[in-house]
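No hydrogens, no waters, no symmetry mates; every other heavy atom, side chains included, goes into these values.
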Amino acid sequence: MAVEPYRRLLALPGVRSLLLVGMLARIPTTAVSITLTMHVVDPSGLGLNYVQAGLVTAASTVGMAVGSPLAGRFVDSHGLRPVLAVTTLAQVVFWSTAWLMPFPLLLAAAIPAGLFTLPVFSVIRQCLTALVPVEQRRMGFSLDSMLVELSYMAGPALAIAGVSLLGSVPTMAVVGAGLAVSGTTLLVLNPPVRSAEELREPAGRVPRRQWLTPALLGLFGTVMAATFVLTATELSLVATMQRGGDTAWIGLAITVWCAYSLAGGFVYGMLPRGLSPLILIGAMGVLTIPVGLVGGNWHWLLLALLPAGVLCAPALSSTIETVSRWVPAGARGEAMGLHGTALLVGVGCASPVAGAIIDGPGPGWAFATAGLVSVIMVLVALPFWRRAATAAPEPSVSASA
């Protein structure tokens with residue numbers, strides 16, 4: 001039966017509740033950026049322009065990028081609950097007062113709010129590593145990537161609907177309440193960040209030089225490339241459909257594109273042997289390059305995105321699996337935080353670059369550029385990856401290259 005391996009995974013103690021809480025907790029987190037944007041531009045909020053909204057979201061993103069590895073480092077050294085308590089309180093303070101702030105104060109407050117973001121993404125992955133045996137982690141991370149996809153489909157859409165129906169201020173209150181409930185639920189659940197075997201190992205701080213290797217930095221570079229190509233693809237798809245007069249179908253097109261990723265993640269999780277992240281991300285880039293050449297209506301464009309689309313969830317889950325194998329338990333939180341930072345940097349770089357290309361040569365060239373960036377980053381990382389694979393004592397790591 002096709003779903004039987006997933007049933008065995010979900011039967012592991014603590015896995016089902018962790019994944020369910022993780023999916024629900026990520027929904028308000030994925031709604032943060034669009035809620036801030038809508039509050040700045042909505043007449044019921046500050047009523048300003050999109051440039052000013054972009055500054056607020058950029059400030060928040062910078063804070064998140066810096067705070068993600070710091071939160072992970074504190075989890076490694078002090079445990080999960082103190083980090084969750086501090087970040088949950090910080091989010092309650094920000095979201096309960098942000099609606100009162102004039103633009104300059106909101107812009108300044110967005111940085112510490114991002115710095116103390118609830119570390120849901122990295123925490124769930126770190127805890128999943130602790131709960132799932134090595135031989136089932138590919139499936140576990142694939143399922144987690146699929147649930148992340150669902151969270152991203154729900155969070156921004158609910159935020160936009162909330163602002164449209166209720167206004168930006170009530171929506172900000174709902175997002176703040178959602179973050180508070182998410183943090184409190186994780187505090188009560190208190191999932192383990194290390195397995196029982198890892199807890200029996202000698203405790204102590206692991207020097208970065210032992211795990212932050214050139215190969216791992218190269219992997220983080222490919223993570224940035226993956227989110228760069230995904231973000232640029234989304235923007236190019238939207239721009240192409242807008243120019244073709246198909247704006248009403250954009251939501252459906254993005255949903256179908258996300259469904260490609262869900263299907264790919266489901267199949268990849270059941271494979272007996274995984275693939276190297278470099279292969280998956282490089283292939284995703286190669287398959288994205290020619291998408292802009294597709295003419296005709298948006299149906300053909302969406303079909304052209306299928307090959308690269310099914311690789312989205314497998315590519316990202318394979319990078320997380322590699323981090324879980326390469327990094328010792330005592331530094332896993334910081335490493336997962338750096339992985340999250342790489343994701344954010346890729347998204348942050350893609351938006352202005354793809355936007356400039358869309359406004360200039362056109363969205364077709366944005367597809368090509370995004371794919372080319374991904375391929376180049378994989379080629380840059382490849383020599384370091386091969387060196388690490390040759391020196392690695394674990395057969396599973398070597399095989400993945």
Side-chain angles (χ1 to χ4, degrees), residues 1-10 19 22-23 26 30 121 124-125 128 132 136-154 219 222-234 236-237 251-291 294 299-324 339 342-343 346-347 350 367 370-371 373-375 377-378 399-401:
M1 189 175 181
V3 298
E4 185 59 30
Y6 284 101
R7 286 182 177 175
R8 291 197 296 270
L9 172 71
L10 294 173
L19 290 174
M23 183 187 70
R26 283 163 170 151
T30 59
F121 288 86
I124 297 301
R125 288 160 180 163
L128 195 60
V132 178
Q136 290 179 281
R137 282 182 188 168
R138 181 180 308 109
M139 183 173 295
F141 290 130
S142 295
L143 182 55
D144 182 62
S145 294
M146 293 160 62
L147 296 177
V148 168
E149 199 80 59
L150 293 175
S151 297
Y152 270 106
M153 291 169 68
L219 176 66
T222 62
V223 171
M224 287 188 284
T227 52
F228 184 98
V229 71
L230 292 176
T231 303
T233 296
E234 181 178 9
S236 302
L237 173 62
L252 175 61
I254 292 177
T255 300
V256 172
W257 183 47
C258 291
Y260 295 162
S261 177
L262 290 171
F266 182 82
V267 173
Y268 182 75
M270 294 189 296
L271 294 180
R273 182 175 177 180
L275 296 172
S276 164
L278 271 63
I279 292 176
L280 292 168
I281 294 172
M284 189 166 64
V286 169
L287 293 169
T288 300
I289 291 174
V291 168
V294 177
H299 301 87
W300 292 111
L301 177 62
L302 203 56
L303 186 62
L305 285 172
L306 173 61
V310 297
L311 296 178
C312 296
L316 294 177
S317 65
S318 69
T319 63
I320 302 166
E321 183 188 6
T322 303
V323 172
S324 75
H339 183 278
L343 293 171
V347 172
F367 283 116
V373 166
S374 180
V375 172
M377 190 63 244
V378 166
S400 69

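- Distance alone, capped at 3.5 Å, is enough to place a donor-acceptor pair between the Thr227 side chain and the Leu343 backbone.
- Interatomic distance, OG of Ser142 versus CG of Leu316, reported as 10.5 Å (0.5 Å rounding).
- Ring orientation note: the planes of Phe121 and Tyr152 are tilted relative to one another, at an angle of 30° to 60°.
- Considering only heavy atoms from C-beta on, Pro307 stays 4.5 Å or farther from Tyr260 through its side chain.
- Contact check for Trp300 versus Leu305: no side-chain heavy atoms found under the 4.5 Å cut-off.
- One N or O on the side chain of Ser374 and one on the backbone of Ile281 form a donor-acceptor pair closer than 3.5 Å.
- Between Leu128 and Phe141, the closest side-chain pair of non-hydrogen atoms falls below 4.5 Å.
- When every heavy atom of Gly264 is checked against every heavy atom of Pro314, the shortest pair comes out as O-CG, 3.4 Å.
- In terms of modelled atom types and a separation under 3.5 Å, the side chain of Thr30 and the main chain of Ser151 share a donor-acceptor contact.
- The structure places SG of Cys258 at 5.0 Å from CE of Met153, a figure rounded to the nearest 0.5 Å.
- Look at Arg26 and Asp144 and you find a salt bridge, because one of the NZ, NE, NH1 or NH2 atoms lies within 4.0 Å of a carboxylate O, short of that distance.
- Annotation: salt bridge (Lys or Arg N to Asp or Glu O under 4.0 Å) contacts involving residues 257-271, sequence neighbours excluded, are absent.
- A 4.5 Å side-chain heavy-atom check between Val347 and Leu230 finds every atom pair outside the cut-off.
- Of the possible donor and acceptor atoms, none in the side chain of Thr231 sits under 3.5 Å from a partner among the backbone N and O of Phe228.
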* To do: Show your working on side-chain contact (heavy atoms from CB on, under 4.5 Å) between Phe266 and Val310 and close with a plain yes or no.
  => CA-CA 10 Å; Phe266 182 82; Val310 297; over 6 Å; no
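- The two residues Ala313 and Ser261 have their closest heavy-atom pair at N-OG, 3.1 Å.
- Side-chain contact between Leu19 and Met146: absent, with no pair of heavy atoms (C-beta onward) separated by less than 4.5 Å.
- No side-chain heavy atom of Val373 sits less than 4.5 Å from a side-chain heavy atom of Val229.
- Nearest heavy atoms, Val132 versus Arg137: O-NE, 3.2 Å.
- The minimum heavy-atom distance between Ala253 and Leu237, with the atom names listed, is CB-CD2, 4.4 Å.
- Rounded to the nearest 0.5 Å, atoms CE (Met284) and OG1 (Thr222) are 9.5 Å apart.
- Looking only at side-chain heavy atoms (C-beta outward), Met139 and Met270 come within less than 4.5 Å of each other.
- For the atom pair CD1 (Ile320) and CZ (Arg125), the distance works out to 3.5 Å, reported to the nearest 0.5 Å.
- For the residue pair Gly282 and Val378, the shortest heavy atom distance occurs at N-CG2, 3.7 Å.
- To the nearest 0.5 angstrom, Thr322 atom OG1 is 8.5 Å from His339 atom NE2.
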> Given the rule in the side-chain contact (heavy atoms from CB on, under 4.5 Å) test, do Ile124 and Leu147 qualify, once you have shown the distances and angles that lead to the verdict?
Replying inline: CA-CA 11 Å; Ile124 297 301; Leu147 296 177; over 6 Å; no
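- In terms of heavy atoms, Val294 sits closest to Ala304 at CG2-CB, 3.4 Å.
- The OG1 atom of Thr233 sits 6.0 Å away from atom CZ of Phe367, with the distance rounded to the nearest 0.5 Å.
- The pair Glu321-Arg138 counts as a salt bridge, with a side-chain nitrogen and a carboxylate oxygen less than 4.0 angstrom apart.
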